[in-house]
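Data first, discussion second: the structure below is written as structure tokens.
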Amino acid sequence: MDSTILGIDLKTIVTVLLVAVVVLIILLFFIIYKMNIMSRKYNALMSGKKGADLEKIIRIRFKEMDQVKANAKRVTKEHKDIKKHLDSCYNKFGLVKYDAFNEMAGKLSFAVALLNNENTGFILNAMHSREGCYTYAKEIIKGESYIPLSDEEKEALERAKTLEEEIEDLTKEAETDLEEEEISFDL
């Protein structure tokens with residue numbers, strides 16, 4: 001007597017179900033085994049001194065993180081204060097050495113311009129001669145002088161005003177050179 005369900009032999013269905021049950025039982029034992037291992041590791045970690053130590057370590061780390069956060073805020077505030085201060089400091093300069101008088105050699109005379117970020121500052125011009133040294137100071141406001149400047153003083157002022165541009169150009173050139181340079185690891 002052959003019996004079928006939905007056109008499939010009953011013996012085939014029972015065999016497939018038995019195989020599925022055996023596979024599920026094997027998976028169940030595997031999962032139980034893995035859970036026991038995890039449970040032992042967890043209990044070992046959380047029990048006794050190790051568990052208490054772990055909790056203490058976590059608390060200490062949170063306190064350290066709070067201190068780091070507070071320090072970061074302090075450093076950020078200090079950085080802003082320093083940046084405000086630096087904006088008013090003289091951080092641009094231009095120097096031109098020259099011979100003020102034809103009788104002196106060695107370019108002992110010089111004009112130096114010192115400017116802040118707003119191109120405000122001063123120019124010192126020291127002219128050396130056989131009789132002595134004559135020094136003049138001229139005020140610069142926003143890149144302009146209200147007193148006529150000599151050619152050397154104008155050049156020193158231009159050098160100071162364009163110092164940042166020159167540094168940027170040199171930086172870009174160096175970056176371009178590094179990008180173009182190919183590194184070969186062939187032996």
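What you see below is based on every heavy atom in this structure, not just the backbone, and it leaves out hydrogens, waters and symmetry mates. In this chain, numbering begins with 1 at the start of the sequence shown.
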Item checked: Derivation of the side-chain contact (heavy atoms from CB on, under 4.5 Å) call for L86 and N91 -> CA-CA 8 Å; L86 282 178; N91 56 7; 5.6 Å; no
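Between the CG atom of L28 and the CD1 atom of I32 there is a distance of 4.0 Å, given to the nearest 0.5 Å. Once rounded to the nearest 0.5 Å, the distance linking CD1 of I140 with CG of N116 reads 11.5 Å. Of the inter-residue distances, the one linking E139 atom CD with E144 atom CD reads 13.0 Å to the nearest 0.5 angstrom. The distance from the CD1 atom of I141 to the OG1 atom of T120 is 6.5 Å, given to the nearest 0.5 Å. Atom OG1 of T15 is separated from atom CG of D9 by 8.5 Å, given to the nearest 0.5 angstrom. Interatomic distance, CE of M38 versus NZ of K41, reported as 8.0 Å (0.5 Å rounding).
In this structure, the side chains of H79 and I82 stay at 4.5 Å or more apart for every pair of heavy atoms. With a 4.5 Å cut-off on side-chain heavy atoms, F110 and V96 do not count as touching. In this structure, the side chains of V112 and I123 stay at 4.5 Å or more apart for every pair of heavy atoms. Contact annotation: the side chain of Y98 approaches that of E152 to within less than 4.5 Å [non-hydrogen atoms, C-beta and beyond]. When side chains are defined from C-beta on, L115 does not count as touching F93, because their heavy atoms never get closer than 4.5 Å.
Contact detail for S129 and Y134: the closest heavy-atom pair is OG-CE1, 3.6 Å. In this structure, A160 and G94 approach most closely via the heavy-atom pair CB-N, 3.6 Å. Closest approach of G143 to K161, counting heavy atoms only: O-NZ, 3.5 Å.
A single hydrophobic cluster is not seen to contain both L95 and L157; linkage of ILVMFWY side chains at heavy-atom distances under 4.5 Å, directly or through other members, places them apart. No chain of hydrophobic side-chain contacts below 4.5 Å, direct or via other Ile, Leu, Val, Met, Phe, Trp or Tyr residues, connects V22 to F30. Both L17 and I8 sit in one connected hydrophobic cluster of ILVMFWY residues. Membership requires side-chain heavy atoms under 4.5 Å apart, directly or through other members.
Residue pairs meeting the side-chain hydrogen bond (donor to acceptor under 3.5 Å, both in side chains) criterion with at least one member in residues 58-72, sequence neighbours excluded: E55-R59, R61-E64.
K138 pairs by the salt bridge (Lys or Arg N to Asp or Glu O under 4.0 Å) definition with E153, not counting sequence neighbours. Legend: residues meeting salt bridge (Lys or Arg N to Asp or Glu O under 4.0 Å) with E155, ordered by chain and number and at least two apart, are R159.
With hydrogens and angles disregarded, no donor-acceptor distance shorter than 3.5 Å links the side chain of N125 to the backbone of Y136. Side chain of T135 to backbone of A126: no donor-acceptor contact under 3.5 angstrom is found.
By the 4.0 Å N-to-carboxylate-O rule, E158 lies too far from K154 to be salt-bridged with it.
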